[in-house]
Amino acid sequence: MQLSREQLLQAYQRMRTIRDFEETVSEEFAGGNIPGFLHLYAGQEACAVGMCENLTPEDVIGSTHRGHGHCIAKGCDVEGMMHEIFGRRSGLCGGKGGSMHIADLDVGMLGANGIVGGNPPLAVGAALAAKTKKDGSVAVSFSGDGSSNQGTTFEAMNLAVVLQLPVIFVIENNGFGEGTAASYAIGTNDPAARAAGFGMPAVTIDGTDFFKVYEASREAVEHARAGRGPMAIIMEAVRFYGHFEGDPQLYRGEGELDDLRTNKDCLKIFRQRVTEAKLLEHADLDAIDKNVAERIAACVESAKAAAFPSEADLETDVYVKYL
Amino acid sequence: MQLSREQLLQAYQRMRTIRDFEETVSEEFAGGNIPGFLHLYAGQEACAVGMCENLTPEDVIGSTHRGHGHCIAKGCDVEGMMHEIFGRRSGLCGGKGGSMHIADLDVGMLGANGIVGGNPPLAVGAALAAKTKKDGSVAVSFSGDGSSNQGTTFEAMNLAVVLQLPVIFVIENNGFGEGTAASYAIGTNDPAARAAGFGMPAVTIDGTDFFKVYEASREAVEHARAGRGPMAIIMEAVRFYGHFEGDPQLYRGEGELDDLRTNKDCLKIFRQRVTEAKLLEHADLDAIDKNVAERIAACVESAKAAAFPSEADLETDVYVKYL
Amino acid sequence: MPKQTVREAINQALRQEMGRDENVIVIGEDVSGGAGSDGQRDAYGGVYGVTKGLFGLYGEERVIDTPITESAIMGAAAGAALRGLRPVAELMFVDFLGVCFDQIYNQAAKFRYMFGGKATTPMVIRSMIGAGVSAAAQHSQTLYPMFTMVPGLKVVLPSNAYDAKGLLIQAIRDNDPVIFLEHKLVYDTAMDVPDEAYTIPFGEAAIPREGDDVTIVAFSHMVNHAITVADKLKGEGISVEVVDPRTTSPLDEDTILESVENTGRLVVVDESPPRCNMATDIAALVSSQAFDSLEAAIELVTCAHTPVPFSPALEQLYLPTPEKIEAAVRKTLKG
Amino acid sequence: MPKQTVREAINQALRQEMGRDENVIVIGEDVSGGAGSDGQRDAYGGVYGVTKGLFGLYGEERVIDTPITESAIMGAAAGAALRGLRPVAELMFVDFLGVCFDQIYNQAAKFRYMFGGKATTPMVIRSMIGAGVSAAAQHSQTLYPMFTMVPGLKVVLPSNAYDAKGLLIQAIRDNDPVIFLEHKLVYDTAMDVPDEAYTIPFGEAAIPREGDDVTIVAFSHMVNHAITVADKLKGEGISVEVVDPRTTSPLDEDTILESVENTGRLVVVDESPPRCNMATDIAALVSSQAFDSLEAAIELVTCAHTPVPFSPALEQLYLPTPEKIEAAVRKTLKG
Ligand SMILES: Cc1ncc(C[n+]2csc(CCOP(=O)(O)OP(=O)(O)O)c2C)c(N)n1
Ligand SMILES: Cc1ncc(C[n+]2csc(CCOP(=O)(O)OP(=O)(O)O)c2C)c(N)n1
Ligand SMILES: [Mg+2]
Ligand SMILES: [Mg+2]
């Protein structure tokens with residue numbers, strides 16, 4: 001199914017925004033301007049965007065510790081995200097959450113999650129709400145290869161099948177959980193077969209190819225929206241940065257990273273595909289690159305200028321009402 | 001592979017001991033002589049005995065809340081068990097554990113378990129010890145259909161495959177977890193396919209047929225002992241009593257229980273098989289029945305006469321050494 | 001006013017709130033029971049029959065039986081709450097928190113704060129607590145200190161039928177995650193309970209007995225023991241005030257402090273092992289904020305530092321009893 | 001004596017004990033790292049490098065990388081301990097206890113009692129605690145009160161390199177399940193540590209500063225804050241005694257009570273939210289057992305009743321600081 005020029009431009013714009021966002025926070029972190037732990041999504045942009053381009057604002061997603069890309073793809077305010085990561089009061093979460101806990105319920109983003117396997121049961125709950133309220137929305141649970149081994153993920157899959165809930169389990173297999181290879185940690189090295197064992201259709205696709213991701217996601221979203229129950233999509237992806245910023249990636253083989261960055265860059269692949277097929281001009285994409293770069297730079301500037309939260313903020317937002 | 005007369009007699013003796021034990025404690029519970037929660041194993045004797053007849057004293061098993069049968073099959077002292085269930089100081093656990101926590105490490109019985117899904121990770125640990133110490137022992141994790149849905153069970157399966165541990169996952173599918181049907185709670189209604197999805201050989205067999213259980217168990221034990229990793233055996237079984245004593249079993253269909261007791265009684269099936277095949281005489285089995293009945297009755301008598309633990313026992317056994 | 005047991009009062013609260021608001025759902029293991037069976041649906045209505053009848057009224061879309069999968073149950077309730085439902089999730093026995101605690105204490109409890117006040121998680125977790133029925137080490141714990149210490153959670157401990165109904169309706173209408181803990185030994189206790197719906201605000205202690213000589217602060221079923229002791233000692237002219245905080249988070253600190261300022265003596269009764277529990281919590285409150293009013297050492301009556309023993313003989317030695325509470329009261333009066 | 005950081009001291013303790021006893025194994029996520037990769041094995045050595053080098057010495061049979069599967073890790077360690085190994089299992093951040101708590105508190109902790117003294121479970125769970133590095137709500141908690149309240153567990157909180165080594169070797173040789181909690185902010189602190197193996201018994205507090213005016217009881221990294229305050233106030237002629245219990249279970253009650261009997265004044269510093277924590281535990285101990293020695297209200301310095309905030313600006317307001325501790329000491333001297 002052919003995407004319109006507008007759709008293609010928007011998809012590229014979102015992927016580029018993620019890439020630029022991550023490269024920028026990486027530099028700012030190295031410069032000592034960002035506190036805490038940072039897990040960057042660069043390299044996996046096609047996964048988040050290819051899925052979320054199929055979702056409406058009423059649909060919801062749940063994410064992981066590596067959540068920036070999912071947030072941007074689902075439409076979180078990028079400036080608010082940047083302020084959050086800088087720990088500012090003007091951040092999307094008032095500076096209380098940080099990189100690992102960015103959420104925006106208003107756009108259907110249920111939150112990044114610091115607990116591996118924390119999100120699948122929550123996405124199942126969102127799908128349960130959709131089924132109960134019959135509002136036609138679907139939920140997407142993003143996980144990694146590592147978190148696909150967590151018991152909570154398996155329980156979420158079984159419950160989703162039992163209750164036939166409109167939820168899609170996306171497993172972005174970027175080959176590693178921290179420094180441990182997926183081929184070691186997943187007994188079968190085949191998360192799709194494992195998901196299928198729980199009784200849902202499961203497909204494995206090339207997560208560096210936006211178009212393959214988009215298609216598989218479209219089918220899964222239609223399947224779920226039609227009330228035909230959960231589905232699983234395993235997206236084979238690559239991670240350009242370390243597990244967290246500061247990780248020297250000693251577990252990478254000789255030249256492994258260069259090869260990934262040269263041959264498995266979903267942005268390069270997208271650009272080549274659309275320009276060769278004459279769907280878009282290089283100039284269109286260059287224009288997006290430029291204006292995304294300016295936008296992200298502006299976000300950093302405003303974040304640095306923004307105020308930190310203060311004593312008055314410490315004990316608010318724990319309860320709606322306590323005493 | 002043909003079992004010797006002695007083996008057949010022992011198997012029947014153990015199954016009959018379990019049956020009598022359970023029928024007796026059921027009566028004693030009804031009579032108000034036994035405190036707490038009781039989950040009876042009657043109906044599933046062939047599962048525990050068919051497996052444990054393949055194990056040595058060095059092998060270990062982990063069990064569930066429905067553990068009496070596994071304990072007896074692995075060789076726990078029956079009188080000690082009875083005293084335990086009666087809460088006496090002379091019980092196998094000094095009266096501190098009760099029906100749901102009977103254990104005897106000396107015979108390789110790692111414990112009944114009050115937590116559904118509590119035992120599979122522990123059995124995996126026993127198998128890890130076997131692999132590390134290279135002592136050639138194997139571990140068996142007994143679970144039910146209900147506990148096969150618990151995340152801990154799935155994690156145990158994956159870790160066992162990753163580390164290629166000598167552990168066998170037995171799932172006794174007696175059709176229900178409390179009042180909820182396995183066909184409802186297991187998304188696929190096929191626990192074997194789910195286990196296979198984790199990367200281990202998995203078979204489904206008739207758990208009311210001692211000989212089928214014995215054969216499948218023998219193969220699994222050989223497989224594990226040979227260092228070829230974990231296996232799963234789904235044993236289709238039947239539960240004669242309620243989930244716990246006092247359960248009116250409203251979830252049973254018209255005549256369902258009568259049918260099970262008439263046509264799916266593993267003891268009747270065993271007796272018919274061995275007598276028709278002229279492997280044993282009815283007289284042999286009747287002698288065992290008599291003898292077991294006397295033994296169990298004697299256990300109850302001595303239990304009732306035994307002393308309860310006292311104040312001096314309350315705070316012992318919490319630590320090997322605290323202060 | 002009709003008499004109701006705690007079981008009936010809780011059941012009525014659930015019926016009434018489900019009738020009032022279609023976003024209220026009940027989810028858990030065998031909350032109806034019989035799913036997929038050839039026999040009756042609603043075969044259980046919860047292992048202690050507390051949710052019996054809801055299935056017939058509201059059906060499987062709102063009374064949801066699940067596999068044995070507590071992490072998914074709690075997570076599903078939390079996720080559904082974020083999306084506008086008001087789930088009442090059942091954790092059959094509180095002892096099972098160990099297989100699902102993350103979804104409660106790291107997820108539901110922390111959403112609102114981590115997300116800068118943007119999330120609302122109106123969920124209730126009903127669970128069963130307490131020893132006294134020889135349910136042994138994994139089915140007899142109270143564990144409310146583990147919930148009370150978690151910022152973001154509210155913790156409710158009803159000791160009687162009237163409070164159980166009003167506090168549960170409040171919990172369901174409350175917009176924060178609430179842990180509602182029902183003691184096995186109070187289910188069958190009965191008292192006058194209005195048929196209409198009513199709420200009891202959180203953080204407001206009850207004072208079932210007023211007195212001037214000694215304050216007993218007790219929780220859940222222990223309140224009933226405290227009342228027994230107060231009534232007995234009254235005969236001897238010892239005037240004991242019994243304070244039932246009803247919720248440990250929020251905690252009605254003022255009522256406790258005022259009572260101790262008046263009596264000068266404090267006994268705390270907590271059916272938990274002795275360390276880091278509500279007894280220590282109340283002792284710390286009073287010794288830091290009402291020190292000058294204290295005329296004697298604070299007496300703590302708790303369980304032993306052991307797992308809950310199975311044998312009834314040991315279980316009674318393990319538990320706080322009216323006798324132990326009475327002895328503590330007499331001790332503090334000497335001190 | 002060579003100076004070692006806490007990280008080095010723990011690493012050395014593990015090397016020495018693994019060398020001494022082949023039944024000691026290390027198991028966890030990325031305890032070596034690089035399993036199945038094309039790059040280096042032992043690529044991590046734990047996220048903070050604490051177990052680095054063990055893999056090279058003892059190999060994959062005794063330094064076992066696992067999937068992300070905490071329940072299976074803790075259960076496997078407990079099961080292996082029942083069968084004669086002495087596993088040292090790593091729970092990367094203590095915040096993750098929510099996904100595996102059952103195997104710790106219902107299984108390992110209770111085996112010996114439930115089984116009437118027949119089981120021995122010699123396992124150690126190493127985990128990382130504490131705020132101060134903007135790791136936010138799910139990677140900054142301390143949670144030791146949750147372990148301390150569980151009968152059957154022992155809980156160790158080293159505040160410096162010397163104690164870390166001696167307490168870890170004791171933990172590994174101990175025959176009960178031990179929770180060993182390492183504060184992120186102490187890893188790089190260094191001091192003299194003997195190269196040979198030595199043990200420090202559990203339940204024996206250290207007194208890093210002796211004094212007569214006020215007693216500060218503090219835990220883990222907070223001990224270092226307490227020492228800072230004691231040294232500062234010394235200049236003013238205020239004599240502060242700092243007590244570091246080192247283990248919260250067992251707890252050295254005598255040393256704490258003796259200190260308060262001498263000073264008459266108590267400040268407790270606990271990097272936990274205020275409810276049901278070690279601050280309340282110590283306050284309850286003293287107000288029930290040393291009441292007559294107390295000359296002033298007990299002062300509790302804890303975290304706020306909130307999840308741990310991400311922004312460094314809020315995190316410092318959330319945490320106990322030397323300033324807050326000093327203020328508490330001055331307050332109790334007035335009282
Ligand atoms: C319950 C839990 N265990 C461990 C961790 C530490 N941790 C954070 S991310 C991570 C690896 C996750 O791998 P994967 O799911 O493949 O996601 P990726 O990092 O590759 O995006 C680990 C082990 C955690 N945050 N939560
Ligand atoms: C974690 C946990 N959840 C729920 C329970 C309550 N419970 C005890 S047994 C049981 C049913 C178990 O079903 P199954 O595994 O099929 O074993 P069966 O009773 O049929 O032998 C349940 C829900 C429990 N003990 N532990
Ligand atoms: Mg990964
Ligand atoms: Mg069953």
Side-chain angles (χ1 to χ4, degrees), chain B residues 34-37 84 86-89 91 93-101 113-118 144 146-152 175-187 189 243-244 247-254 256 307-311 313-318 322, chain C residues 28-47 49 52 60 65-72 75 92-93 95-100 102 131-141 273 303-319:
Chain B
I34 294 175
F37 300 162
E84 185 60 32
F86 273 80
R88 301 310 207 267
R89 188 176 197 284
C93 305
K96 289 173 174 173
S99 166
M100 255 192 292
H101 305 296
N113 206 307
I115 301 299
V116 165
S147 82
S148 79
N149 297 311
Q150 191 68 283
T152 52
F176 287 93
E178 293 197 345
T180 300
S183 58
Y184 172 86
I186 300 173
N189 196 17
H243 166 60
F244 48 72
D247 170 10
Q249 303 200 62
L250 303 177
Y251 45 85
R252 295 282 191 185
E254 191 64 33
E256 183 177 334
F308 284 103
S310 67
E311 182 124 37
D313 303 308
L314 178 63
E315 299 195 348
T316 57
D317 304 328
V318 182
Y322 195 44
Chain C
E29 295 156 13
D30 293 283
V31 288
S32 69
S37 78
D38 297 336
Q40 292 179 28
R41 205 60 167 77
D42 204 27
Y44 264 71
V47 276
K52 190 86 177 172
E60 67 183 359
D65 277 336
T66 69
I68 303 167
T69 184
E70 286 80 8
S71 284
M92 195 181 290
F93 290 77
D95 311 68
F96 308 157
L97 71 80
V99 295
C100 60
D102 183 73
V133 298
S134 289
Q138 294 173 343
H139 287 72
S140 303
Q141 300 168 90
C303 300
H305 185 70
T306 75
V308 185
F310 161 69
S311 182
L314 291 175
E315 194 177 29
Q316 284 313 307
L317 294 164
Y318 165 86
L319 283 167

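Numbered from 1 within each chain, the chains take letters A, B, ... in sequence-line order.
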### Query
Could you go step by step and tell me if B:Phe37 and C:His139 meet the side-chain contact (heavy atoms from CB on, under 4.5 Å) rule?
CA-CA 9 Å; B:Phe37 300 162; C:His139 287 72; 4.2 Å; yes

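- In this structure, chain B has no heavy atom under 4.5 Å from any part of C:Gln316.
- Using a 4.5 Å cut-off between heavy atoms, C:Tyr44 touches chain B through its side chain atoms alone.
- With values rounded to the nearest 0.5 angstrom, B:Lys96 atom NZ is found 13.5 Å from C:Tyr318 atom OH.
- Taking CD1 of C:Ile68 as the start and OG1 of B:Thr180 as the end, the distance is 7.5 Å to the nearest 0.5 Å.
- Heavy atoms of B:Ser310 lying under 4.5 Å from chain C belong exclusively to its backbone.
- Looking at B:Thr316, there are no atoms closer than 4.5 Å to chain C (heavy atoms on both sides), in backbone or side chain.
- Every residue was checked against the ring-ring contact (aromatic ring centres under 6.0 Å, His included) condition with B:His101, not counting sequence neighbours, and none meets it.
- Within the 4.5 angstrom heavy-atom criterion, only side-chain atoms of B:Ser183, from C-beta onward, approach chain C.
- Note: C:Asp30 CG to B:Phe176 CZ = 10.5 Å, rounded to the nearest 0.5 Å.
- Remark: B:Gln150 CD to C:Cys100 SG distance equals 8.5 Å, nearest 0.5 Å.
- Using a distance-only test at 3.5 Å, with no hydrogens or angles considered, a donor-acceptor pair links the side chain of C:Gln138 to the main chain of B:Gly114.
- C:Ala304 and B:Leu314 get closest at one heavy-atom pair: CB-CD2, 4.0 Å.
- Residue contact with chain C, scored on non-hydrogen atoms closer than 4.5 Å, involves the backbone and the side chain of B:Asn113 alike.
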### Message
Determine whether B:Glu178 and C:Met92 satisfy the following criterion, side-chain contact (heavy atoms from CB on, under 4.5 Å), listing intermediate values before the conclusion.
### Response
CA-CA 12 Å; B:Glu178 293 197 345; C:Met92 195 181 290; 3.2 Å; yes

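- Closest approach of B:Tyr251 and C:Gly34 over heavy atoms only: CB-CA, 4.0 Å.
- Looking at C:Ser134, its side chain never comes within 3.5 Å of a backbone N or O of B:Gly36 through a donor-acceptor pair.
- Atom OG1 of C:Thr306 sits about 6.5 Å away from atom CD of B:Glu315, to the nearest 0.5 Å.
- For the pair C:Ser37 and B:Ala181, the tightest heavy-atom approach, listed with the atom from each and the gap, is N-CB, 3.9 Å.
- Interface residue B:Glu311: backbone and side-chain heavy atoms are both found under 4.5 Å from chain C.
- Judged by distance alone, the side chains of B:Asn149 and C:Thr69 never bring a donor and an acceptor atom under 3.5 Å apart.
- Rounding to the nearest 0.5 Å gives a distance of 8.5 Å between CD1 of B:Ile115 and CD of C:Glu70.
- Summarising the geometry of B:Gly97 relative to C:Ala136, their closest heavy-atom pair is O-CB, 3.5 Å, with the distance given to 0.1 Å.
- For B:Arg89, the CZ atom sits in a loose shell: 12 or fewer heavy atoms of surrounding residues, nucleotides or ligands are nearer than 6.0 Å.
- The minimum heavy-atom distance between B:Phe308 and C:Ser311, with the atom names listed, is CD2-OG, 3.6 Å.
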